[in-house]
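Note sheet for the following structure.
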Amino acid sequence: QAQLVESGGGLVQAGGSLRLSCAASGRTFSRYAMGWFRQAPGKEREFVGAIRSGGMTYYAGSVKGRFTISRENAKNMVYLQMNSLKPEDTAVYYCAAGSAVRVGALDEYDYWGQGTQVTVSS
(Lines give C-alpha, C1' and ligand atoms only; values in the text may rest on other atoms or scores of the structure.)
Protein backbone atom coordinates (compact mmCIF):
# COMPACT_ATOMS: atom_id res chain seq x y z
CA GLN A 1 0.00 0.00 0.00
CA ALA A 2 1.62 3.21 -1.17
CA GLN A 3 1.22 6.00 1.33
CA LEU A 4 2.37 9.54 1.93
CA VAL A 5 2.21 10.99 5.44
CA GLU A 6 2.81 14.65 6.18
CA SER A 7 4.03 15.99 9.49
CA GLY A 8 5.45 19.17 10.96
CA GLY A 9 2.45 21.46 10.79
CA GLY A 10 1.39 23.63 13.67
CA LEU A 11 0.80 27.15 14.89
CA VAL A 12 3.41 29.79 14.19
CA GLN A 13 3.52 33.57 14.36
CA ALA A 14 3.87 35.66 11.24
CA GLY A 15 7.49 35.84 10.20
CA GLY A 16 8.25 32.45 11.68
CA SER A 17 9.30 29.20 10.07
CA LEU A 18 8.14 25.61 9.83
CA ARG A 19 9.46 22.57 8.05
CA LEU A 20 6.97 20.07 6.76
CA SER A 21 7.98 16.49 6.09
CA CYS A 22 6.42 13.92 3.82
CA ALA A 23 7.26 10.29 4.49
CA ALA A 24 6.58 7.87 1.68
CA SER A 25 6.07 4.15 2.12
CA GLY A 26 4.84 1.15 0.19
CA ARG A 27 7.01 1.87 -2.81
CA THR A 28 9.95 3.98 -3.78
CA PHE A 29 9.07 7.44 -5.01
CA SER A 30 12.52 8.35 -6.25
CA ARG A 31 11.36 8.39 -9.85
CA TYR A 32 8.27 10.47 -9.11
CA ALA A 33 7.83 14.17 -9.07
CA MET A 34 6.78 15.28 -5.60
CA GLY A 35 4.47 18.21 -5.12
CA TRP A 36 3.24 20.30 -2.23
CA PHE A 37 -0.25 21.76 -2.34
CA ARG A 38 -2.34 23.65 0.16
CA GLN A 39 -5.99 24.32 0.76
CA ALA A 40 -7.33 27.17 2.86
CA PRO A 41 -10.90 27.21 4.20
CA GLY A 42 -13.36 27.96 1.43
CA LYS A 43 -10.64 27.88 -1.20
CA GLU A 44 -9.58 25.46 -3.90
CA ARG A 45 -6.49 23.38 -3.42
CA GLU A 46 -3.55 25.22 -4.93
CA PHE A 47 -0.04 24.43 -6.03
CA VAL A 48 2.77 25.43 -3.68
CA GLY A 49 5.86 23.78 -5.09
CA ALA A 50 7.25 20.65 -6.67
CA ILE A 51 10.49 18.81 -7.17
CA ARG A 52 11.20 16.48 -10.04
CA SER A 53 13.11 13.22 -9.74
CA GLY A 54 16.21 14.98 -11.02
CA GLY A 55 15.95 17.72 -8.42
CA MET A 56 14.52 20.59 -10.46
CA THR A 57 12.21 22.68 -8.28
CA TYR A 58 9.20 24.83 -9.07
CA TYR A 59 7.28 27.28 -6.89
CA ALA A 60 4.11 29.24 -6.95
CA GLY A 61 4.72 32.96 -7.18
CA SER A 62 3.11 33.48 -3.78
CA VAL A 63 5.79 31.44 -2.01
CA LYS A 64 8.85 31.82 -4.22
CA GLY A 65 11.78 33.10 -2.22
CA ARG A 66 10.22 32.02 1.08
CA PHE A 67 9.64 28.28 0.67
CA THR A 68 12.10 25.59 -0.35
CA ILE A 69 11.28 22.04 -1.38
CA SER A 70 13.86 19.28 -1.10
CA ARG A 71 14.02 15.51 -1.11
CA GLU A 72 16.13 12.70 0.27
CA ASN A 73 15.45 9.76 -1.99
CA ALA A 74 17.40 7.29 0.14
CA LYS A 75 14.97 8.02 2.98
CA ASN A 76 11.90 8.31 0.75
CA MET A 77 11.36 11.75 2.26
CA VAL A 78 10.32 15.12 0.89
CA TYR A 79 10.43 18.41 2.77
CA LEU A 80 8.94 21.85 2.55
CA GLN A 81 10.89 24.50 4.41
CA MET A 82 8.67 27.52 4.98
CA ASN A 83 10.22 30.79 6.07
CA SER A 84 8.83 34.28 6.55
CA LEU A 85 5.37 32.85 7.02
CA LYS A 86 2.36 35.06 6.49
CA PRO A 87 -1.22 34.68 7.74
CA GLU A 88 -2.29 33.99 4.16
CA ASP A 89 -0.14 30.85 4.25
CA THR A 90 -2.63 29.33 6.67
CA ALA A 91 -3.95 26.14 5.10
CA VAL A 92 -3.87 22.38 5.17
CA TYR A 93 -0.72 21.33 3.35
CA TYR A 94 -0.61 18.16 1.29
CA CYS A 95 2.21 16.30 -0.35
CA ALA A 96 1.62 14.36 -3.53
CA ALA A 97 3.48 12.09 -5.91
CA GLY A 98 3.01 11.46 -9.59
CA SER A 99 4.36 11.66 -13.09
CA ALA A 100 3.51 15.37 -12.99
CA VAL A 101 4.12 16.27 -16.59
CA ARG A 102 2.53 19.55 -15.52
CA VAL A 103 3.89 20.00 -12.01
CA GLY A 104 1.24 22.47 -10.90
CA ALA A 105 -1.74 20.39 -12.01
CA LEU A 106 -3.65 18.52 -9.33
CA ASP A 107 -4.66 15.72 -11.66
CA GLU A 108 -1.05 14.90 -12.51
CA TYR A 109 -0.56 13.38 -9.06
CA ASP A 110 -1.54 9.82 -8.21
CA TYR A 111 -0.79 9.66 -4.49
CA TRP A 112 -1.73 12.10 -1.77
CA GLY A 113 -1.06 12.45 1.91
CA GLN A 114 -3.69 13.22 4.52
CA GLY A 115 -2.57 16.79 5.02
CA THR A 116 -1.10 18.73 7.91
CA GLN A 117 -2.49 21.98 9.27
CA VAL A 118 -0.38 25.11 9.19
CA THR A 119 -1.75 28.13 11.00
CA VAL A 120 0.04 31.46 10.90
CA SER A 121 -1.13 34.07 13.38
CA SER A 122 -0.81 37.82 13.00
Side-chain angles (χ1 to χ4, degrees):
Q1 180 72 268
Q3 288 188 322
L4 303 174
V5 180
E6 303 95 335
S7 62
L11 176 64
V12 64
Q13 293 188 145
S17 298
L18 284 173
R19 188 178 79 157
L20 306 184
S21 298
C22 176
S25 62
R27 68 175 67 197
T28 179
F29 288 87
S30 62
R31 298 178 70 249
Y32 288 72
M34 303 296 296
W36 285 95
F37 294 78
R38 67 187 183 187
Q39 188 165 22
K43 303 293 184 180
E44 297 295 315
R45 193 169 298 186
E46 66 175 353
F47 173 73
V48 175
I51 184 165
R52 291 197 181 278
S53 60
M56 181 68 72
T57 55
Y58 306 82
Y59 300 95
S62 58
V63 307
K64 193 171 185 178
R66 299 188 297 120
F67 291 11
T68 304
I69 186 170
S70 60
R71 67 194 300 168
E72 293 183 275
N73 287 334
K75 296 182 179 180
N76 237 8
M77 296 286 291
V78 185
Y79 307 97
L80 183 68
Q81 178 66 47
M82 305 185 294
N83 299 325
S84 302
L85 283 161
K86 305 174 180 179
E88 52 262 46
D89 295 318
T90 295
V92 176
Y93 283 71
Y94 300 87
C95 75
S99 59
V101 175
R102 298 169 292 142
V103 295
L106 288 162
D107 61 4
E108 293 287 338
Y109 294 86
D110 302 309
Y111 305 96
W112 292 82
Q114 83 289 350
T116 187
Q117 177 71 47
V118 172
T119 303
V120 184
S121 62
S122 301

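Keep in mind that the numbers below use all heavy atoms, side chains included, and drop hydrogens, waters and symmetry copies.
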* Please lay out, stage by stage, how Gln114 and Gln3 fare under the test side-chain contact (heavy atoms from CB on, under 4.5 Å). => CA-CA 9 Å; Gln114 83 289 350; Gln3 288 188 322; over 6 Å; no
* To do: Could you label the plane-to-plane angle of the Trp112 and Tyr94 rings as parallel, tilted or perpendicular, counting under 30° as parallel and over 60° as perpendicular?
  =>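 Perpendicular, since the angle between the ring planes exceeds 60°.
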* To do: May I ask you to check whether Tyr109 and Phe37 place their ring centers less than 6.0 Å from one another?
  =>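 Ring centres of Phe37 and Tyr109 closer than 6.0 Å.
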Heavy-atom closest pair, residues [X] and [Y]:
{"X": "Leu85", "Y": "Arg66", "answer": "CA-NH1, 3.9 Å"}
{"X": "Ser121", "Y": "Leu11", "answer": "CB-CD1, 4.4 Å"}
{"X": "Val92", "Y": "Gln117", "answer": "CG2-OE1, 3.3 Å"}
{"X": "Ala40", "Y": "Ala91", "answer": "N-CB, 3.8 Å"}

Is it possible for you to say whether [X] and [Y] belong to one hydrophobic cluster, with membership spreading through side-chain heavy-atom contacts below 4.5 Å?
{"X": "Tyr111", "Y": "Met34", "answer": "yes"}
{"X": "Phe47", "Y": "Leu4", "answer": "no"}
{"X": "Tyr59", "Y": "Val78", "answer": "yes"}

State, with a plain yes or no, whether a side-chain heavy atom of [X] is found less than 4.5 Å away from one of [Y].
{"X": "Ser21", "Y": "Met77", "answer": "yes"}
{"X": "Asn83", "Y": "Phe67", "answer": "no"}
{"X": "Thr68", "Y": "Leu80", "answer": "no"}
{"X": "Tyr93", "Y": "Val48", "answer": "yes"}

* To do: First locate atom CE of Met82, then atom CH2 of Trp36, and finally report the distance between them rounded to the nearest 0.5 Å.
  =>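 CH2 of Trp36 is found 8.0 Å from CE of Met82.
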* Any chance you could measure Asp89, atom CG, to Thr119, atom OG1, to the nearest 0.5 Å? => 11.0 Å
* For Arg71 and Tyr32, does a side-chain donor sit closer than 3.5 Å to a side-chain acceptor? -> no
* Asked: Any chance the side chains of Tyr79 and Arg19 put a donor and an acceptor closer than 3.5 Å?
  ->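 Tyr79 vs Arg19: no donor-acceptor pair found between side chains.
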* Could you walk me through whether Glu44 and Leu106 pass side-chain contact (heavy atoms from CB on, under 4.5 Å), step by step? => CA-CA 11 Å; Glu44 297 295 315; Leu106 288 162; over 6 Å; no
* Is there a donor-acceptor pair closer than 3.5 Å between any side-chain N or O of Glu108 and the backbone N or O of Val103? ->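 Such a contact is absent between Glu108 side chain and Val103 backbone.
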* Show the numbers, then the answer: is there a side-chain contact (heavy atoms from CB on, under 4.5 Å) between Ser62 and Arg38? => CA-CA 12 Å; Ser62 58; Arg38 67 187 183 187; 3.5 Å; yes
* side-chain contact (heavy atoms from CB on, under 4.5 Å) between Val118 and Thr90: does it pass, once the steps are laid out? -> CA-CA 5 Å; Val118 172; Thr90 295; 5.9 Å; no
* Asked: Is it the case that more than 12 heavy atoms not belonging to Glu88 sit under 6.0 Å from its CD atom?
  ->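 Yes, because the 6.0 Å sphere around CD of Glu88 holds more than 12 heavy atoms from other groups.
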